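Nothing here was measured: the structure is a model prediction, and the numbers come from that model.
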Amino acid sequence: MEKTDVVLIGAGIMSATLGALLRQLQPDWTVSVFERLDAAAAESSDPWNNAGTGHSALCELNYSPQNADGSVDVSKAIDINERFQVSRQFWASAVDAGVLGDPSRFINPIPHVSFVHGADNVEYLRKRYEALAPHPLFRGMEFIDSPDEFAKRLPLMAKGRDFSDPIALNWTDGGTDIDFGALTKQLLAYVGYSGGEIAFGTEVRDLDKQSDGSWNVTVRNLRTYRSRTINAKFVFVGAGGGALPLLQKSGIKEAKGFGGFPISGQFLRSTNPDLIAAHEAKVYGKAAVGAPPMSVPHLDTRVINGKKGLLFGPYAGWTPKFLKDGSNADLFKSIKPNNIGSLVGVGLTEMGLTKYLISELLKSQNGKVGVLEEFLPRADGRDWELITAGQRVQVIRRKGAGGVLEFGTAVISAQDGSIAGLLGASPGASTCVTAMLDVMQRCFPREYADWTPQLQQMIPSLGQKLSENQALFQEVWDWTNKTLKLDEVSATTQEDALGFAQVR
């Protein structure tokens with residue numbers, strides 16, 4: 001029987017990150033990657049299947065909710081920004097080490113902007129600004145409620161707008177656009193170049209725990225239909241929507257009670273080069289009442305294969321598939337005696353989400369363009385094409401006799417550390433390094449202690465909070481800006497940091 005130290009299931013950003021980390025930290029370990037599709041990053045990590053925002057909570061309003069007393073809770077925004085800074089440091093160190101190539105192929109500077117209209121929302125955004133702008137991780141944020149300044153910065157969004165309806169922006173120049181597909185491919189190329197096995201068109205069919213704690217992983221070549229079994233000391237399930245069924249097959253008790261709720265998405269992608277050229281920002285609004293956090297509307301500048309693009313969305317939909325090219329039986333096959341209570345409990349408590357999804361499914365093309373008009377008052381449907389984005393399988397976790405629906409990312413690992421997997425969606429890819437460090441700490445506690453000095457060279461802030469160490473934050477910010485070729489925005493950020501800017 002074939003043997004390997006590590007099996008990574010799925011060729012997305014999570015497996016690629018973990019594989020690249022392990023190849024650097026433990027080069028004597030053998031690593032095998034199995035992907036059922038014929039290419040890397042072809043599901044959720046594909047650049048057109050996500051917004052590529054580089055979720056750092058600079059513009060995503062769902063990470064800074066308003067409390068009942070009117071105050072704004074920014075604790076989640078700070079936490080997510082901290083985790084994104086870890087990713088930035090790892091990517092910069094990987095560029096310095098030659099693990100990654102030209103950073104402009106996967107990361108580019110772009111302003112991150114929060115946008116609201118209506119008097120109450122403007123007041124909310126002002127409070128959000130006042131809570132975040134003094135914070136070291138959010139320095140340089142501006143509050144803008146001047147129609148003239150709005151039109152200067154977002155001319156496409158200003159055309160035809162009735163400014164008698166108050167508007168406001170939180171504007172941060174230090175944001176990024178990330179092509180997670182290109183990043184994934186570069187990381188996997190390193191895994192392969194450094195001696196790892198990468199097998200495409202190969203589906204994992206079964207996981208069988210052995211008495212010595214290892215796993216027999218049965219895989220099938222989808223071209224030749226030949227099967228083989230590989231014995232692995234450790235298995236990571238980074239298969240996106242396919243992770244839950246595989247973790248259920250493993251039989252580990254830690255996966256019991258978990259369910260998945262699939263939500264599909266669509267974007268409008270601009271076909272008009274004049275529109276694409278006229279907008280340069282990632283602009284996020286507020287989610288509709290009852291909408292899941294992943295459905296926050298945004299007008300996004302993208303840079304994919306060196307070419308600028310523009311998309312708007314997402315529009316939520318529903319399908320029982322767990323993967324974009326999965327089976328309509330995926331959801332029903334995932335229902336087990338140990339999670340049916342969780343699923344039923346969520347079905348009874350999430351009626352608002354159900355109503356929202358039904359309304360989204362009933363939207364026509366003209367209806368979708370109508371939503372876009374909130375951002376672009378003169379939107380013309382002829383300038384846009386509808387594309388289908390990736391599937392997101394939201395986590396359903398057992399709670400009491402029922403369950404609760406979560407819109408985050410969850411790591412599941414066996415008590416003995418022999419297998420781990422990742423469930424959920426946003427912020428997902430943007431915090432992939434933190435998630436994989438979590439997996440490594442859980443599953444390789446002895447080795448992790450030995451790896452820590454090298455990890456601290458890769459990620460200088462490891463084990464510290466940048467929000468509590470402004471000097472260290474400045475150091476890693478300057479380094480990552482320069483190495484990732486983002487330093488053209490650092491001067492603006494520095495100037496704004498001298499005082500909190502309010503443009504009225």
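Within the cation-pi definition used here (under 6.0 Å to the ring centroid, within 45° of the axis), Arg88 qualifies as a partner of Trp477.
Looking only at atom types and distance, the side chain of Glu60 has no donor-acceptor partner in the side chain of His298 under 3.5 Å away. Side-chain polar atoms of Thr53 and Tyr284 form a donor-acceptor pair below 3.5 angstrom. For the residue pair Gln248 and Ser334, no side-chain donor N or O sits within less than 3.5 Å of a side-chain acceptor on the partner. A donor-acceptor pair shorter than 3.5 Å can be found between the side chains of Trp171 and Asp173. Donor-acceptor pairing under 3.5 Å is recorded for the side chains of Asn121 and Lys286. Residues Asn339 and Arg398 have side chains that never bring a donor and an acceptor to within less than 3.5 angstrom of each other. Inspection of the Asp73 and Ser75 side chains reveals an N or O donor paired with an N or O acceptor under 3.5 Å.
Classification of Asp145 and Arg126 as a salt-bridged pair holds, one side-chain N sitting under 4.0 Å from a carboxylate O.
In this structure, Phe180 has its ring center no closer than 6.0 Å to that of Phe106. For Phe267 and Tyr315, the ring centers are positioned 6.0 Å apart or more.
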Result block: side-chain N/O donor-acceptor pairs under 3.5 angstrom for residues 272-279, not counting sequence neighbours:
from   : atom 1 : to     : atom 2 : distance (Å)
Asn272 : OD1    : Asp274 : N      : 2.8
Asn272 : ND2    : Asp383 : OD1    : 3.2
His279 : NE2    : Ala281 : O      : 3.1

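At a threshold of 4.5 Å between non-hydrogen side-chain atoms, the residues Leu372 and Leu268 count as touching.
Under the side-chain contact (heavy atoms from CB on, under 4.5 Å) criterion, Gln470 pairs with Pro136, not counting sequence neighbours.
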